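Before any comments, here is the structure.
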There are 4 protein chains.
Amino acid sequence: MAARKESKQTRQTQILDAAMEVFVHLGFSKARMDDIAAEAGVSKGSLYWHFKSKDDIISAVLYRLFQGGLGELRQIKAMDIPADEKLQRVVQRLAIDVQAMQRWQPLMAEFYAVAMRHGSVQQYLRRYYREYIELLSAVIDEGRDAGIFHTDDAVQAAFTMTAAVEGTILLAALGLSDEGWGQQVENTLLHVMQGI
Amino acid sequence: MAARKESKQTRQTQILDAAMEVFVHLGFSKARMDDIAAEAGVSKGSLYWHFKSKDDIISAVLYRLFQGGLGELRQIKAMDIPADEKLQRVVQRLAIDVQAMQRWQPLMAEFYAVAMRHGSVQQYLRRYYREYIELLSAVIDEGRDAGIFHTDDAVQAAFTMTAAVEGTILLAALGLSDEGWGQQVENTLLHVMQGI
Amino acid sequence: MAARKESKQTRQTQILDAAMEVFVHLGFSKARMDDIAAEAGVSKGSLYWHFKSKDDIISAVLYRLFQGGLGELRQIKAMDIPADEKLQRVVQRLAIDVQAMQRWQPLMAEFYAVAMRHGSVQQYLRRYYREYIELLSAVIDEGRDAGIFHTDDAVQAAFTMTAAVEGTILLAALGLSDEGWGQQVENTLLHVMQGI
Amino acid sequence: MAARKESKQTRQTQILDAAMEVFVHLGFSKARMDDIAAEAGVSKGSLYWHFKSKDDIISAVLYRLFQGGLGELRQIKAMDIPADEKLQRVVQRLAIDVQAMQRWQPLMAEFYAVAMRHGSVQQYLRRYYREYIELLSAVIDEGRDAGIFHTDDAVQAAFTMTAAVEGTILLAALGLSDEGWGQQVENTLLHVMQGI
DNA sequence: AATGAATGAGGATTCATTCAT
DNA sequence: CATGAATGAATCCTCATTCAT
């Protein structure tokens with residue numbers, strides 16, 4: 001039984017890998033189930049055995065991409081180190097994550113688009129960013145209480161940081177950054193944090 | 001039934017107005033040419049007389065969303081006022097422009113997604129942002145020379161500002177801002193500019 | 001008035017010239033009125049001033065192409081020369097005509113196709129060939145009466161000759177003849193006539 | 001509703017049968033994919049599963065009309081009988097085959113028209129006729145060596161025979177033959193062969 | 001679990017024709 | 001006579017989804 005379950009996992013993983021590959025190249029709407037099946041090396045029928053629909057695959061990709069970020073932030077927040085050091089770690093992790101996911105970034109923009117039409121996706125993303133900003137602002141608050149930061153609006157500061165990251169990814173995806181995306185995110189964030 | 005004397009320019013405008021309206025409600029992919037034609041009050045054939053394809057209409061709509069921004073920035077840069085006042089004006093204008101964009105909220109997220117796929121649009125945006133950042137950094141440089149600003153990297157500062165604006169729009173489009181987009185952009189920018 | 005009429009004639013000629021050019025390259029069905037208008041250097045509206053419809057243009061081209069052949073044959077038949085010499089002249093004229101019309105031959109095949117669906121065209125072509133075969137068989141009959149030919153079925157002989165010409169054009173159009181079409185027709189006809 | 005167990009081969013055959021039926025009634029261009037699907041009793045999607053496009057179906061139909069002819073000729077050529085008897089058999093077979101074609105009469109004229117435009121079909125036909133003429137001329141050569149025939153140009157004789165057959169089909173398709181196509185072809189060929 | 005043939009609603013695009021100017 | 005914008009019916013093709021095997 002364990003073997004079978006793992007096999008299923010593997011096949012699903014295999015399909016999702018293929019789906020992401022196809023989505024990156026063609027975008028959600030132009031990608032056909034045939035393309036995904038071909039890329040995954042399975043039949044179209046198999047796709048529908050493992051996933052209910054194309055939308056289901058897109059959702060699965062969404063969850064896959066938006067994993068980890070929050071977890072890391074939660075961990076950092078819980079650490080027993082000064083707030084400024086926490087923020088530094090956040091920046092470092094973001095730089096690493098963004099750099100690692102540079103390949104999949106085109107998908108992010110599409111998710112925002114999908115979110116506009118799919119209530120559930122929109123809710124998911126909204127919650128994700130809301131918690132991200134909350135965690136971040138909590139750290140900033142913590143730093144302000146400790147006299148390290150001096151901003152009067154921690155939430156706004158967190159929002160600004162998050163916006164800066166997303167905006168940087170966007171501009172970088174358009175080819176407006178001469179450096180690696182991770183480096184660029186780091187530079188931008190450090191700049192923003194001067195005002196905190 | 002439709003009047004024949006509308007100038008070519010006017011008829012195209014009329015179609016694009018209708019297209020944006022439809023796109024906002026249905027999104028780019030779900031919007032049908034029939035919908036646009038009906039909304040514009042012209043025949044489907046007329047759509048194809050003025051625009052080569054649906055993609056062509058989408059491109060035209062995207063270009064439209066980016067009209068004016070650069071012109072305003074050029075004008076402000078050429079003014080005979082201190083650099084810090086120039087930046088203030090830029091922020092004001094951006095707040096107004098972005099506030100106007102709020103009307104197209106459901107479109108904005110898709111916009112970025114489509115821009116990534118559309119070669120010509122992508123190129124257009126790249127040039128747009130490149131010049132925008134250049135102009136902005138020139139103003140910042142000017143301020144630094146005048147002793148008003150103290151940043152050591154004007155280009156990075158301009159990049160950060162631009163990224164912050166775009167990121168704000170993105171997050172706002174997701175419903176993450178409690179205020180009007182214009183106000184939110186203003187807050188974010190003022191925050192970013194503390195570091196300049 | 002004469003000038004105007006001639007002008008009209010000229011414009012119609014101009015359009016038909018263009019139409020034939022376009023038809024040869026694209027075929028009747030793929031040729032668009034826009035193509036013809038562009039080739040003729042006039043507006044599409046002008047096309048409809050001079051011709052009732054696309055079918056009307058096709059008909060006009062048909063009549064244009066199937067002119068002359070019969071007239072020549074009638075003239076030759078009426079000549080005061082021996083029947084065998086008449087046939088020789090027919091062959092010569094056919095060789096010349098086919099060679100001259102080599103450029104337009106692709107249209108002929110399409111006319112047969114059109115004829116199948118358009119009663120009037122079919123009737124026109126049928127009459128054309130029927131008279132052609134009649135004239136030809138009359139000449140052959142004439143020769144048999146004079147003791148020059150010995151065929152027992154002049155109509156069949158005329159049919160065979162006509163079929164041989166059309167078949168030769170067909171094969172030549174497919175690229176199966178190494179010689180000029182006129183020469184090929186001549187060779188084939190001479191071969192067929194050995195049996196007359 | 002349609003049975004699923006039909007083999008791929010059979011289903012394609014079924015579609016082509018339907019297509020020919022529809023083409024005969026409506027012609028290539030007026031026949032819609034829906035018509036073919038309905039006639040075949042399958043869905044439109046199934047048409048596109050088995051054939052790439054409408055053109056693809058048309059090509060397949062054209063190829064179909066030319067099946068067998070070469071094979072028969074090759075067989076006859078290989079027989080151990082005198083050359084004149086071989087030619088007689090060729091004529092008999094042609095008469096039978098052409099007679100069978102009469103069923104597709106409305107299609108035949110269009111067939112030649114389409115063949116002229118369709119690169120791949122044209123090439124196929126060119127090769128077909130080339131080999132046909134070669135085989136035929138080989139038989140004639142054989143007969144001349146045996147002292148049966150006396151033509152000095154076997155290739156020209158073969159070309160003439162082939163042209164006569166095609167021309168006869170063309171004229172017959174136009175309704176210019178009072179007899180059955182098979183009979184007409186036989187008459188014409190016998191007439192042509194008098195000169196061999 | 002896997003396959004791949006079958007389905008059919010859906011939509012973009014074409015193009016002959018009209019007609020106000 | 002000429003123009004070219006406007007019309008809209010017509011149709012090819014796509015593609016997510018189903019299901020018998």
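No experiment lies behind these values; they were computed from the predicted model shown.
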Within this structure, what is the [atom1]-to-[atom2] distance between [X] and [N], rounded to whole angstrom?
X	N	atom1	atom2	value
I15(A)	dA1(E)	CD1	C1'	11 Å
D56(D)	dC12(F)	CG	P	14 Å
Q12(B)	dA6(F)	CD	C1'	14 Å
L47(C)	dT3(F)	CG	C1'	12 Å
F51(C)	dT18(E)	CZ	C1'	18 Å
R11(B)	dG4(F)	CZ	C1'	13 Å
H50(C)	dT17(E)	NE2	P	16 Å

Given L174(B) and R126(A), is the side-chain contact (heavy atoms from CB on, under 4.5 Å) satisfied, shown in steps? CA-CA 6 Å; L174(B) 271 180; R126(A) 195 142 43 186; 5.6 Å; no
Start with the C-alpha gap between F111(C) and F28(C), add the side-chain angles, then the distance that decides, and say whether ring-ring contact (aromatic ring centres under 6.0 Å, His included) holds. CA-CA 9 Å; F111(C) 277 126; F28(C) 288 147; 5.0 Å; yes
If you define the side chain from C-beta out and look only at heavy atoms, does anything of M33(B) sit under 4.5 Å from I57(B)?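 Answer yes - side chains close enough.
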Check whether any side-chain heavy atom of R117(A) lies under 4.5 Å from a side-chain heavy atom of P106(B), and answer yes or no.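 Touching, per the 4.5 Å side-chain cut-off.
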Under the rule for side chain to side chain contact (heavy atoms under 4.5 Å, CB included), what residues qualify as partners of H25(C), not counting sequence neighbours?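 H25(C) satisfies side chain to side chain contact (heavy atoms under 4.5 Å, CB included) with E21(C) once adjacent residues are dropped.
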Give the dot-bracket string for DNA chain F, reading 5' to 3', where a pair is Watson-Crick or G-U wobble with both distances under 3.5 Å, ( ) marks pairs inside the strand, [ ] marks pairs crossing earlier ones, | marks a partner on another strand, and . marks unpaired. .||||||||||||||||||||
Considering only side-chain heavy atoms of S43(B), which listed nucleotide, dA1(E), dT3(F), dG8(F), is closest?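 The listed nucleotide nearest to S43(B)'s side chain is dG8(F).
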Shortest non-hydrogen contact from V121(B) toward Y63(B):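 Closest heavy-atom pair between V121(B) and Y63(B): N-OH, 4.0 Å.
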Taking the inter-plane angle between the rings of Y112(C) and Y129(C) on a 0 to 90° scale, is it parallel (under 30°), tilted (30 to 60°) or perpendicular (over 60°)? tilted
In B/S/- notation (B base, S sugar-phosphate only, - none; protein heavy atoms under 4.0 Å), nucleotides 11-16 of chain E written 5' to 3' is SSBBSS
Judged by atom type as modelled, is there a donor-acceptor pair below 3.5 Å linking the side chain of E110(D) to the main-chain atoms of A113(C)? no
Worked check of side-chain hydrogen bond (donor to acceptor under 3.5 Å, both in side chains) between Q14(C) and R11(C): CA-CA 5 Å; Q14(C) 176 184 351; R11(C) 179 54 56 102; 3.0 Å; yes
